[in-house]
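Residue numbers count from 1 along this sequence.
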Amino acid sequence: MLDDFINQFWPSTIDGLALGAIYALLALGYTMVYGVLRLINFAHADIFMVGTFAALWTARSMGVSDVGGFALIGVVVLMAVVAGTVAGGGAMLLEATAYRPLRKKGASRLAALISAIGASIFIQQLMGTVGVRWIFGTSKEGGKLDVNEHFKDLSNVVDTGGIVIRNDQLIIFVGAVLMMVALDQFVNRTRLGRGIRSTAQDPETAVLMGVNIDRVVSATFLVGGIMAGVAAALYFLRFETTNYFVGFLLGIKAFTAAVLGGIGNIRGALAGGFTLGLLEMYGSSIFGSQWRDVVAFTLLILVLMFRPTGILGESLQRARA
């Protein structure tokens with residue numbers, strides 16, 4: 001096992017960083033909503049799923065086939081824009097229909113949690129029927145769409161000293177990092193970002209200072225949805241497959257990444273995503289790929305047992321978006 005780990009160290013590291021970048025982008029939606037509303041938005045993974053359908057629709061509409069080089073970057077950017085727009089709009093619609101009415105009536109967090117689960121099931125079933133017809137114009141058994149026809153012309157951009165990096169892996173990592181930097185700057189430097197942080201820290205005082213809570217919550221869902229949409233485009237670039245339940249397992253892993261980094265902390269979600277991606281791939285090289293999910297959920301259990309505040313160690317009661 002140790003020999004396999006050593007031999008596969010660099011490929012596992014590259015794959016782990018690419019996978020971790022997707023986890024991190026998706027984890028941002030969980031951690032931002034929790035920071036503002038103290039709510040785990042279980043329907044967030046399904047917003048990601050909608051984004052994968054949007055990315056697939058974009059690729060098929062453009063007639064993309066064996067694209068590579070700078071054209072590949074352009075296609076990925078367009079997929080990210082479309083998927084981010086659809087997912088962001090979907091997240092705002094989700095907040096307006098599933099959460100805001102409950103918040104206005106002062107409903108308990110348990111009611112919001114039940115609403116999130118119901119919304120998740122609704123979106124899954126809707127995309128399992130309507131979404132597949134949207135892409136192919138017909139139904140498809142199981143709602144699973146394995147395409148594998150748009151990004152066959154992938155090439156190595158680095159191939160030296162046993163380190164091989166494909167162009168899709170580089171695009172995923174760089175694209176995710178750019179989105180993370182943009183989000184960090186938005187939250188820390190813009191007026192709306194300061195409103196999000198103040199609401200996360202003390203909503204009552206934020207209202208007294210003139211912060212529009214509804215606007216802040218809508219913006220939080222919008223930003224989280226956009227991040228999920230971009231993650232969906234990068235996921236589709238990497239795996240070129242989707243289905244109406246694709247967000248289930250990936251969403252749980254993204255939530256694991258958020259907890260690992262420190263739920264409610266944006267930079268913690270980033271650290272947790274990359275850490276989870278690396279540990280998954282390292283675990284696969286040691287124990288075999290069939291144990292990859294076991295490694296992820298074992299890590300979640302260990303974190304909850306021994307360091308529930310996550311990597312950055314921020315108290316949940318004082319967590320900030």
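- Between Leu300 and Leu260 the shortest side-chain heavy-atom distance does not fall below 4.5 Å.
- Within the 4.5 Å cutoff, no side-chain heavy atoms of Phe239 are placed close to those of Val246.
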Task: Audit row: Glu204, Leu208, side chain to side chain contact (heavy atoms under 4.5 Å, CB included) steps and yes/no - done: CA-CA 7 Å; Glu204 290 80 11; Leu208 294 176; 5.8 Å; no

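- Shown here for Thr242 and Met49, the closest heavy-atom pair between the two residues is OG1-O, 4.4 Å.
- When every heavy atom of Gly262 is checked against every heavy atom of Thr31, the shortest pair comes out as O-OG1, 4.0 Å.
- Under the 4.5 Å side-chain heavy-atom criterion for grouping Ile, Leu, Val, Met, Phe, Trp and Tyr, Val181 is connected to Val230 within one hydrophobic cluster.
- Leu26 approaches Ala228 most closely through the heavy-atom pair CD1-CB, 3.9 Å.
- Although no hydrogens or angles enter the test, the distance criterion places no donor-acceptor pair under 3.5 Å between the side chain of Ser115 and the main chain of Ala111.
- Within the 4.5 Å cutoff, the side chain of Met227 has no heavy atoms near those of the His44 side chain.
- Under the 4.5 Å side-chain heavy-atom criterion for grouping Ile, Leu, Val, Met, Phe, Trp and Tyr, Phe287 is not connected to Leu302 through any hydrophobic cluster.
- Scanning all heavy atoms of the two residues, the minimum distance from Gly247 to Phe48 falls at CA-CD2, 4.2 Å.
- Within the structure, no pair that satisfies the side chain to side chain donor-acceptor pair (under 3.5 Å) test touches residues 68-94, not counting sequence neighbours.
- Counting heavy atoms from C-beta outward, Ile14 and Val164 have side chains that stay 4.5 Å or more apart.
- Linking ILVMFWY side-chain heavy atoms closer than 4.5 Å, directly or via other members, places Phe248 and Phe297 in a single hydrophobic cluster.
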Open item on the list: Checking Val33 against Glu95 for the side chain to side chain contact (heavy atoms under 4.5 Å, CB included) test, could you report, in this order, the C-alpha distance in whole Å, the side-chain angles of both residues, the deciding distance, and whether it holds?
Closed with: CA-CA 10 Å; Val33 170; Glu95 187 276 329; over 6 Å; no

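- Open room surrounds CZ on Arg267; 12 or fewer heavy atoms of other groups in view lie less than 6.0 Å from it.
- Side-chain contact between Thr220 and Thr199 is absent, with no heavy-atom pair separated by less than 4.5 Å.
- Taking the six-membered ring where the residue is Trp, Phe221 and Tyr99 present tilted rings, their angle falling between 30° and 60°.
- Leu93 and Val216 end up in different hydrophobic clusters when Ile, Leu, Val, Met, Phe, Trp and Tyr side chains are linked at under 4.5 Å.
- Rounding to the nearest 0.5 Å gives a distance of 15.5 Å between OH of Tyr23 and CG of Leu270.
- Residue Val157 forms a side chain to side chain contact (heavy atoms under 4.5 Å, CB included) with just one option from Ile171, Leu170, Asp168, and that option is Leu170.
- Checking side-chain atoms of Ser285 against main-chain N and O of Tyr282 turns up a donor-acceptor pair under 3.5 Å.
- A continuous path of ILVMFWY side-chain contacts below 4.5 Å connects Tyr235 to Val174, so both sit in one hydrophobic cluster.
- The distance from atom CZ of Phe245 to atom CD of Gln124, rounded to the nearest 0.5 Å, is 9.0 Å.
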TODO: Quick one: do Asn41 and Leu94 satisfy side chain to side chain contact (heavy atoms under 4.5 Å, CB included)? Show the steps, please.
DONE: CA-CA 10 Å; Asn41 177 21; Leu94 172 68; 3.8 Å; yes

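- Counting heavy atoms from C-beta outward, Ile196 and Arg194 have side chains that stay 4.5 Å or more apart.
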Task: Stepwise side chain to side chain contact (heavy atoms under 4.5 Å, CB included) test for Asn188 and Arg197 - done: CA-CA 8 Å; Asn188 287 289; Arg197 288 189 291 121; 4.0 Å; yes

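- For Gly51 against Ala83, the heavy-atom pair with the smallest separation is O-CB, 3.5 Å.
- Under the 6.0 Å distance and 45° angle rule, Arg38 counts as a cation-pi partner of Tyr34.
- The shortest side-chain heavy-atom distance between Leu25 and Met180 falls under the 4.5 Å cut-off.
- Contact detail for Met79 and Ala55: the closest heavy-atom pair is SD-O, 3.5 Å.
- For the pair Leu234 and Met179, the minimum side-chain heavy-atom distance is 4.5 Å or more.
- Here the side chain of Asn156 pairs no donor or acceptor atom with the backbone of Asp159 at under 3.5 angstrom.
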